[in-house]
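Heads up, the thing below is written out as structure tokens.
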Protein chains: 2
Amino acid sequence: MTEAPLQEIKADPSITDRVRDSIREAIIDGRLAPGSLHSVQSLASSFGVSRTPVREALIDLEGKGMVEFERNRGVRILQTSIHDLEEILALRILLEVPAAHRAAEQATEETAAALSDELQAMRRAARDRDEVTMMAHDRRFHEIINEASGNSRLAAYVDDLRDLILTRGVSTVGRSRDLPAIVREHEAILAAIESNDSAAAAKAMKDHLVNTSSLLLRQESDAAGTEPNVRWAELVIG
Amino acid sequence: MTEAPLQEIKADPSITDRVRDSIREAIIDGRLAPGSLHSVQSLASSFGVSRTPVREALIDLEGKGMVEFERNRGVRILQTSIHDLEEILALRILLEVPAAHRAAEQATEETAAALSDELQAMRRAARDRDEVTMMAHDRRFHEIINEASGNSRLAAYVDDLRDLILTRGVSTVGRSRDLPAIVREHEAILAAIESNDSAAAAKAMKDHLVNTSSLLLRQESDAAGTEPNVRWAELVIG
DNA sequence: ATGTAGCCGGTAGCATGTTACTTGCTGGAG
DNA sequence: CTCCAGCAAGTAACATGCTACCGGCTACAT
């Protein structure tokens, strides 16, 4: 006979897990400056733990391309270059547009409702000019779609890629465009998914990502040459 | 004035690096059986090193989805499930078909020559019925194309995905189809790239990957239901 | 002033010690 | 025979010890 658990077991995140999250946050918000060099020892004492979990967390982050060990020197905080940004955004287009297509085919009531919730939260954040909250719900919105595609690896990989974008310390928003415009693009995506119109969902997602990419790359490089990411975008449906 | 180096410096791969490669090989060729549980201590003594580099190597492999730590129990060798296989093959189609398109646009003499070399080696291996050598050159062939697309992250990610496929211990070849057929598919890809016909390159790559996927999934699941990976394939050009 | 040999502090990489926990086993109670 | 408490073995996670090596600094030679 199987008993229902009285209480959900607490996952007991390890010290390594917590340190990894802390370091990732610190990199994203710039407290660990791109290009700067740090020793495992100094990080460990600032967290009040031993060197081992810090080192293990850094090995993880090295695998995701956020830091790099330099033998006998320290660990370098990496900055994603313009070229990295182009690669990452191209990958997002290649993966998320088909994912939106598949998600629209298979979307259930629950996923549509969850997306609607996130969109509502984005509207509120847009009204309040709260860019940080906006970004968080934007991220969750995309994550739900990617998971609804049925390909969990795709969702996880895109999520990792987004951390790398943040490593530049840029907001997707940018000065030139306002938050309501972004909300509108997501509304189009949601509408297509709700009506199970997969072709429209793909097109809406593609438009959104191409817009975001162009804006981001122009904002970062300002010497706006030809944008190679639109050439990748030509290679997906929608 | 810059001097030419008298001798190429040897990169001095760390113990961790060598252990990681050894463990990966052992997983792929089945010496570390899928689902089996091992202690860091036992692995360390079998390699004749201390526990630290072994643990660090395993953390790397955990990030790539090949193993999983179980607290106070050991480290579990993971087997990629049928569903994992579907996800991975879908990702390869999504990424490698556009990559072939871009590679054909930008291909130089050198890349075409390198591809030709690999293809030649594949022909020899096919004639000798040497499946292992065949696979190695097949892998390198795809890697060259992916790198020629200009997106190094894409190439690196696809390479990681291929390790996961091998974790099932399957050969791409299968009993049902012969090596020369595979060579022919690659010949079509190379021909398109040599003539800078990007649309044809994408189509050839798509055909090749869809064929390989179908074969692999049928061989593994043998209860061949509808194959969801062809539904992903509909979403890319070619 | 300039170049440089050698010292020295600091570091990652690796080895080893410690701890809390999980699990299989065993033996005794019912 | 069945059940389970408690013991013992083994483990990952974490802490700490050790070492070769890198690079900046200094001070001396030219």
Side-chain angles (χ1 to χ4, degrees), chain A residues 1-3 5-24 27 32-33 35-78, chain B residues 1-3 5 7-24 26-27 32-33 35-78:
Chain A
M1 172 161 138
T2 56
E3 283 290 339
L6 294 179
Q7 180 185 343
E8 197 52 53
I9 51 152
K10 30 183 175 176
D12 183 28
S14 64
I15 297 180
T16 300
D17 290 336
R18 278 175 290 159
V19 167
R20 182 188 30 236
D21 288 344
S22 298
I23 294 178
R24 187 164 29 134
I27 292 176
L32 290 175
S36 61
L37 201 58
H38 304 266
S39 74
V40 173
Q41 175 67 66
S42 64
L43 291 170
S45 39
S46 79
F47 285 120
V49 300
S50 82
R51 296 169 350 233
T52 305
V54 174
R55 179 169 166 83
E56 292 181 353
L58 288 170
I59 289 174
D60 255 36
L61 295 175
E62 184 180 36
K64 293 183 177 177
M66 297 186 75
V67 303
E68 192 176 49
F69 279 95
E70 298 185 9
R71 184 162 184 139
N72 300 328
R73 298 260 300 146
V75 59
R76 175 91 52 192
I77 309 298
L78 296 181
Chain B
M1 173 163 137
T2 55
E3 283 291 338
Q7 181 184 343
E8 196 53 53
I9 50 153
K10 28 184 174 177
D12 183 29
S14 65
I15 296 180
T16 300
D17 290 336
R18 278 176 291 162
V19 168
R20 174 166 11 97
D21 288 345
S22 297
I23 293 177
R24 191 171 24 153
I27 292 176
L32 290 175
S36 61
L37 199 58
H38 304 265
S39 73
V40 174
Q41 175 66 68
S42 64
L43 291 171
S45 40
S46 78
F47 285 119
V49 300
S50 82
R51 300 177 336 243
T52 306
V54 174
R55 179 168 165 83
E56 293 182 353
L58 288 169
I59 288 174
D60 253 37
L61 295 175
E62 184 180 37
K64 293 183 177 176
M66 298 185 74
V67 304
E68 190 177 50
F69 278 95
E70 297 185 10
R71 185 164 184 137
N72 300 328
R73 298 256 302 145
V75 60
R76 174 91 54 192
I77 310 298
L78 296 180

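In what follows, chains carry the letters A, B, and so on, assigned in the order in which the sequence lines appear, proteins first and then strands, with residues in each chain numbered from 1. Heavy atoms only: backbone and side chains are in, while hydrogens, waters and symmetry mates are out.
- Remark: B:Phe69, B:Glu70, B:Arg71, B:Asn72, B:Arg73, B:Gly74, B:Val75 in residues 66-78 of chain B come within less than 4.0 Å of DNA chain D through at least one heavy atom.
- Listed for the B:Ser36 side chain is no donor-acceptor partner under 3.5 Å among the backbone atoms of B:Leu32.
- Looking at every heavy atom in both residues, B:Leu58 comes nearest to B:Val67 through O-CG2, 3.6 Å.
- Residue contacts shown for B:Ser39 are limited to sugar-phosphate atoms, with no base heavy atom under 4.0 Å away.
- Summarising the geometry of B:Ala44 relative to B:Val54, their closest heavy-atom pair is CA-CG2, 3.7 Å, with the distance given to 0.1 Å.
- Here the shortest heavy-atom pairing between A:Ile27 and A:Met66 reads CG2-CE, 4.0 Å.
- With a cutoff of under 4.0 Å to any heavy atom of chain B, the contacted region of DNA chain C is bounded 5' to 3' by C:dC14 to C:dT23.
- Nucleotide D:dC14 holds its C1' atom 13 Å from the CG atom of A:Asp17, rounded to whole Å.
- A cation-pi arrangement is present between B:Arg55 and B:Phe69, with the terminal nitrogen or guanidinium carbon under 6.0 Å from the aromatic centre and inside a 45° cone about the axis.
- Put simply, CG on B:Leu43 is 14 Å from C1' on D:dG10, counting in whole angstrom units.
- What separates CZ of B:Arg51 from P of D:dA12 is a distance of 9 Å, to the nearest Å.
- Taking atom CZ of B:Arg55 as the reference point, atom P of D:dC14 lies 7 Å away to the nearest angstrom.
- Put simply, CZ on A:Arg20 is 11 Å from P on D:dA13, counting in whole angstrom units.
- Residue pairs that meet the side-chain hydrogen bond (donor to acceptor under 3.5 Å, both in side chains) test with at least one member in residues 42-53 of chain B, sequence neighbours left out, are B:Ser39-B:Ser42.
- For A:Leu43 against A:Val75, the heavy-atom pair with the smallest separation is CD1-CG1, 4.3 Å.
- Here the options are A:Glu70, A:Glu62, A:His38, A:Glu68, the test is side chain to side chain donor-acceptor pair (under 3.5 Å), and the partner is A:Arg76; only A:Glu70 passes.
- A:Glu56 has its CD atom 7 Å from the P atom of D:dA13, to the nearest Å.
- When all heavy atoms are compared, the tightest approach of A:Val19 to A:Ala57 is CG1-CB, 4.0 Å.
- Take the nearest nucleotide of DNA chain D for B:Gln41 and for B:Thr52: the residue whose nucleotide is more 5' is B:Gln41.
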